[in-house]
2 protein chains.
Amino acid sequence: MPSTPASLVPRAPLTLSLAEQIAARLSERIVTGIYAPGRRIMEQAVAEEFVVSRGPVREALRLLEKDGLVTILPRRGALVTNLSIGEVEEIFDIRAMLNGLRDRLIAEDAEREHMLPALEAEVANLARCARDPALGDEYVETVSRIDRLLTGALGNRRLKTILDSLMLQTLRYRQLGLSTPARRKQSVQSWQKLVKVIREGNGEEAERIARARVTASRDAAIELLRRGTRKTAVPGKPSGSD
Amino acid sequence: MPSTPASLVPRAPLTLSLAEQIAARLSERIVTGIYAPGRRIMEQAVAEEFVVSRGPVREALRLLEKDGLVTILPRRGALVTNLSIGEVEEIFDIRAMLNGLRDRLIAEDAEREHMLPALEAEVANLARCARDPALGDEYVETVSRIDRLLTGALGNRRLKTILDSLMLQTLRYRQLGLSTPARRKQSVQSWQKLVKVIREGNGEEAERIARARVTASRDAAIELLRRGTRKTAVPGKPSGSD
DNA sequence: GTCAAGAAGATTGTTGACAATCATACAAAA
DNA sequence: TTTTGTATGATTGTCAACAATCTTCTTGAC
């Protein structure tokens, strides 16, 4: 997947600035895990690698900060953000609310007919993946596609920007909530219900369903994170009272 | 009011960088209306005014863009963002959801006792202002303080950042929704109910109340904006289908 | 009179060097 | 042994100049 940062999407399609190109490359490395959380990113090194000066690199790092992928500390530079369990929980909580708003707006949108066929096809695909435990990765991929489909259909540009950003940040944790066949079965039922109420134009119910699904996903992810007892240090935010 | 941009808050308290200082100054001018929506901000001019080079100015403009106060167009520079009615509506919709989340989290927070006295005092102040039609401005100011009080008490840093940013963007439109004594009376009742359910720890009801209040505020503001038929052009976003 | 092509000016994008600041290592004293 | 002070090296912050690009004005043809 390309996975361009949210902040790059609304800009000019042609002639991406150097900063944007560099941000896209770095973003890919962070999201795929090539750059591990906590890793320090130094301007000079990046500048030398891409054969540019430090100016565009600085700007690229600010773009990544805007997407929450790096944390910039004054006089100390940029670190790949490492989310604590609490912060993952926070992001899921926000997503629960805003995904609810998104799906309500879509269900109440008169133009929603245009995307219903694609949506239904993807959900059917989802059901297929849910039946076969071996298709776990494809399941997660399909959910991502559905999410992009819905967010992309959104007229509210600010909501779209925020959701894209939150999506990017939780990409690494998303699969956690869908790691068991039982969870996937629960998930696919939720999506099927959602499609149904969107078709009916029932915004309130769409919101309720979306919210319940993200909350369930959050609880499953948190549970697994706690079990795993991952490194949860938050680089650069020593004021945390965890 | 200082009105520092949201993005400046979590940074180092001492030794603000030049970019941050410039951003704070420009932010003040935009929020207070000295820089009108649609106005072009040119790097060289700002650099000369503050007697710095264009580097920090560039960075300051990116910070302001992060807060939604300016819109940066590739190869064309920065403009003070001018929100269309539709965009104001969008922001209010997002705020309705996230204010709901905020107040629910606060109502469910065991530590909420610490801020309840201050909150109750401010709401009492609010009731006083609501009785006197001449105190309209003070009413709006008090609502802003209450908002900051609640957002400041939030443990969820990401939610706080997003809310601060949305708050900054809608500052100019906020008073619109509170311009009539009738609306203020409605508003103060909502706040009183909110304090009550927060004290009781009733998160669900807190969410419902907050959401209803912001939605009502949105409808009132939109109504007035439509009546006023203000300039609603969105600089730099010609793709708008208004 | 209208439209198109081109030149001039203005503005942003990029660069490399310099200055300020911070982290680390080492040494000296308690 | 621990702590404090200092020096050194590394890294970010800032600057001024150059390059690329866009806008605007002028000129010319139809």
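Just so it is clear, the values below take in all heavy atoms, side chains as well, and ignore hydrogens, waters and symmetry mates. Just so we're on the same page: letters track the sequence lines, and every chain starts at 1.
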Discussion item. Using whole Å, what does the distance between atom P of nucleotide C:dT11 and atom CG of B:L79 come to?
Written reply: 13 Å
Fill in: D:dT12 phosphate, OP1 or OP2, under 4.0 Å from A:R58 side-chain N/O
no
Item to complete: Figure out the CD/C1' separation between A:E59 and C:dT15, and round it to whole Å.
Response: 14 Å
Response to the item:
B:L73 atom CG is separated from C:dT12 atom C1', nearest whole Å, by 12 Å
Worksheet item: A:S165 pairs by side-chain contact (heavy atoms from CB on, under 4.5 Å) with which of A:D67, A:I91, A:L69?
Response: A:D67
Practice prompt. Tell me what A:G55 touches on the nucleic acid: a base, only sugar-phosphate, or nothing, going by heavy atoms under 4.0 Å.
Written response: base
Worksheet, complete the sentence: Nearest heavy-atom approach of A:E122 to A:I146 is CB-CG1, 3.6 Å
Worksheet item: Mapping A:R54 and B:I41 onto DNA chain C by nearest heavy atom, which one lands closer to the 5' end?
Response: B:I41
Worksheet item: Passes salt bridge (charged side-chain N to carboxylate O under 4.0 Å, His left out), B:R62 versus A:E59? Steps please.
Response: CA-CA 9 Å; B:R62 312 296 152 155; A:E59 202 163 317; 2.9 Å; yes
Discussion item. If you only use heavy atoms from C-beta on, which nucleotide in D:dC15, D:dC22, D:dG13 is closest to the side chain of B:S53?
Written reply: D:dC15
Practice prompt. Of all the heavy-atom pairs spanning B:T81 and B:G68, show the shortest one and how long it is.
Written response: OG1-O, 2.9 Å
Worksheet item: Between B:R76 and A:R40, which has a closest nucleotide on DNA chain D that is more 5'?
Response: A:R40
Fill in: Atom-pair distance (CG on B:L18; P on C:dA19), nearest Å
16 Å
Discussion item. Output the rounded distance in Å from CE (A:M42) to C1' (D:dG9).
Written reply: 13 Å
Discussion item. Without decimals, in angstroms, what is the distance between B:E43 CD and D:dC18 C1'?
Written reply: 15 Å
Worksheet item: Nearest-Å distance, CD (A:E48) to C1' (D:dT11)?
Response: 13 Å
Item to complete: Please determine, for the side chain of B:R62, which listed nucleotide (C:dG13, D:dT14, D:dT12) has the closest atom?
Response: C:dG13
Worksheet entry | d(CD, B:Q44; C1', C:dT11) in whole Å | 9 Å
Worksheet item: Any sub-3.5 Å donor-acceptor pair from B:S217's side-chain atoms to B:R213's backbone N or O?
Response: no
